[in-house]
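What follows is a short report on a single structure.
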2 protein chains.
Amino acid sequence: MIAIDDTRLSVVRSHGGPSTARGPLDRQRIIGEAVTFVDEHSLQELTMRRLGQRLGVEAMSLYRYVDGREDLLDAMVQQTLVGLDVDPHLRLLPTDGWQAYLQRLAHGVRDIALAHPKVFPLVATRHPDAPWLRPPLRSLTLVEAFLEALIERGFSDDAAVAAYRAFSSFLLGHLLLEVSALGAATAPAEEPLAEPTSEDDGNDVEEAGTERGRNGSDERLAEFPQLRRLEERLSQDDAQAEFEMSLESLLQRLELTLS
Amino acid sequence: MIAIDDTRLSVVRSHGGPSTARGPLDRQRIIGEAVTFVDEHSLQELTMRRLGQRLGVEAMSLYRYVDGREDLLDAMVQQTLVGLDVDPHLRLLPTDGWQAYLQRLAHGVRDIALAHPKVFPLVATRHPDAPWLRPPLRSLTLVEAFLEALIERGFSDDAAVAAYRAFSSFLLGHLLLEVSALGAATAPAEEPLAEPTSEDDGNDVEEAGTERGRNGSDERLAEFPQLRRLEERLSQDDAQAEFEMSLESLLQRLELTLS
DNA sequence: ACCTGAACACCGTTCAAGT
DNA sequence: ACCTGAACACCGTTCAAGT
């Protein structure tokens, strides 16, 4: 008599048993399941109907807890970032300077981006709730803490606000690049499966006026000597180290605005 | 909350003429129309059927020129960026240094982002064609030119590649932030139209257990003294000047790696 | 050669009705 | 109180058929 709470309700067609899996359903569970669904599949594949199925209910039930798909997406963004608001490790300690705080904060956001690379584009591109909230630091609590930390440590109001913007755009740029590259490497989640067609009949006449850009990325490279020469270097990157260095450089730049 | 039906993009008869307006249709015209449609409405609203309507054909006709919606989106990204490849103003002139070139390039990309703020998120988040191409500089020609310019001016291979990445993430962060803020200001494009419902009877009881975060962004501010104090400063920004300064600072940083 | 009608397999969302 | 059946207005996409 064990309640198997393992998560293999993937294609559960449980029309037989009373699927009293986990009680009534609630907003939190919906959002959480939506996030892990996107982690495992993709944003495109996230569908009210599929999400319902995954939770053992019909899609319509979700509308009791969620104000439609848009609301769901907003909630997912908030949910993935909520750790930043509460993690005591990310608090500004009396002992450390603003640099240490920003370092921890930056790494906190990066950890989230890497943990949910398929969700992060949402964090980056959804319109924030307030016009002066900038992604990816999109919560009042967080921005308040940010400003407080800097002002308390000697930043002027203007310098603190400028730092908020510089920090935001730094994180946005670096992390989006990083998850984008990561997506290319982990790619095969988008398209289900392409059946191996019996090609090779050489009948592929390139469509007359259409000029479809199938870049072989190996063929085309002939015309681009630098790219060909540097292809390997361009492919390999130590994102971690790069992040560290750029962050360091940003902090130094901010330090200059202090005097 | 409100039914979202009936966007009234009724038939767009271009000049009062019947449906067959401009000859047979071609890929270029489709892509162009898609871009201006998104400029005027939003990505969400871009639909094969609506796009067809706009071009005076049925949706199915589009599939002769476009390999489905995904292909369309990719083509739109390429299309909005193609100016960078060909604009002679953006070429590396023999007379100027790499700084001048990067300045022009940066402003070229920025101009595009500002001209198509609704398309730019696509530029930022779609998976590039090659794993070592990083948004927003996503064309072989462009990256080749970039590397060439720097290497010719004294950058080592590694320094040039590092510069490419730093430049990319700089543009991505700044421009995404800028168009995001811009979207918030120009907001009303997302939701078609809210019919003037007769209810302004203030009967909005907050849902019982659901805790929906309707941040009034005026109310909630009570608990956040810094935000309240700095709200105005946070709202107003001179994106142009900020871009200029950050770019300048990036160039200086790159210069250091030269020695 | 180019376009469409009809059809298919899905969507998001609403609402009256079930339990 | 919570969920669902049925329905509606859309989607993207395919393909045989029209011109």
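Just so you know, these numbers come straight off a predicted model, no measurement behind them.
Remark: the backbone N or O of A/L234 is not paired with any side-chain donor or acceptor of B/Y164 at under 3.5 angstrom. The backbone N or O of B/V123 lies less than 3.5 Å from a partner atom in the side chain of B/R138, making a donor-acceptor pair. Under the 3.5 Å distance criterion, the side-chain polar atoms of B/K118 are matched with a main-chain donor or acceptor of B/H41. Remark: side-chain polar atoms of B/R134 are not paired, donor with acceptor, to backbone N or O of A/L177 under 3.5 angstrom. Side-chain atoms of A/R64 never come within 3.5 Å of backbone atoms of A/R27 as a donor-acceptor pair (strictly under, hydrogens ignored).
Note: CZ (A/R49) to C1' (D/dC11) measures 11 Å, nearest angstrom. Atoms CD (A/E70) and P (C/dC11) sit 17 Å apart, rounded to a whole Å. Note: CG (B/D71) to P (D/dT14) measures 12 Å, nearest angstrom. The OH atom of B/Y63 sits 4 Å away from the P atom of D/dT13 (whole-angstrom rounding). For the pair B/R69 CZ and D/dT14 P, the computed distance is 15 Å after rounding to whole Å. One interatomic measurement links the two molecules: CD1 of A/I30 to P of C/dG12, which rounds to 14 Å at whole-angstrom precision. Counting to the nearest Å, the C1' atom of C/dT14 and the CG atom of A/D67 are 13 Å from each other. Distance CD (A/E45) to P (C/dA9): 19 Å, rounded to an integer number of Å.
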Set out, line by line, the N/O atom pairs under 3.5 Å between protein and nucleotides 1-4 of chain D.
| from | atom 1 | to | atom 2 | distance (Å) |
| --- | --- | --- | --- | --- |
| D/dC3 | OP1 | A/P24 | O | 2.2 |
| D/dC3 | OP2 | A/P24 | O | 3.0 |
| D/dC3 | OP2 | A/Y65 | OH | 2.8 |
| D/dC3 | N4 | A/R64 | NH2 | 3.1 |
| D/dT4 | OP2 | A/E58 | N | 2.7 |
| D/dT4 | OP2 | A/S61 | OG | 2.7 |

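Figure legend: A/R54 and A/F37 shown without cation-pi pairing, the cationic atom not lying both under 6.0 angstrom from the six-membered ring centre and within 45 degrees of its axis.
Contact check on A/E178 versus A/R110 returns a salt bridge, with a Lys/Arg side-chain nitrogen under 4.0 Å from an Asp/Glu carboxylate oxygen.
Between A/T47 and the phosphate of C/dG12, there is a side-chain N or O to OP1/OP2 separation shorter than 4.0 Å.
The aromatic rings of A/F243 and A/H107 sit perpendicular, their planes meeting at an angle over 60°, well past the 30° parallel limit.
Under the salt bridge (charged side-chain N to carboxylate O under 4.0 Å, His left out) criterion, B/R126 pairs with B/E70, B/D74, not counting sequence neighbours.
Where pairing requires Watson-Crick or G-U contacts shorter than 3.5 Å, the helical stems of DNA chain D with at least three consecutive pairs are C:4-8 with D:12-16, C:12-16 with D:4-8.
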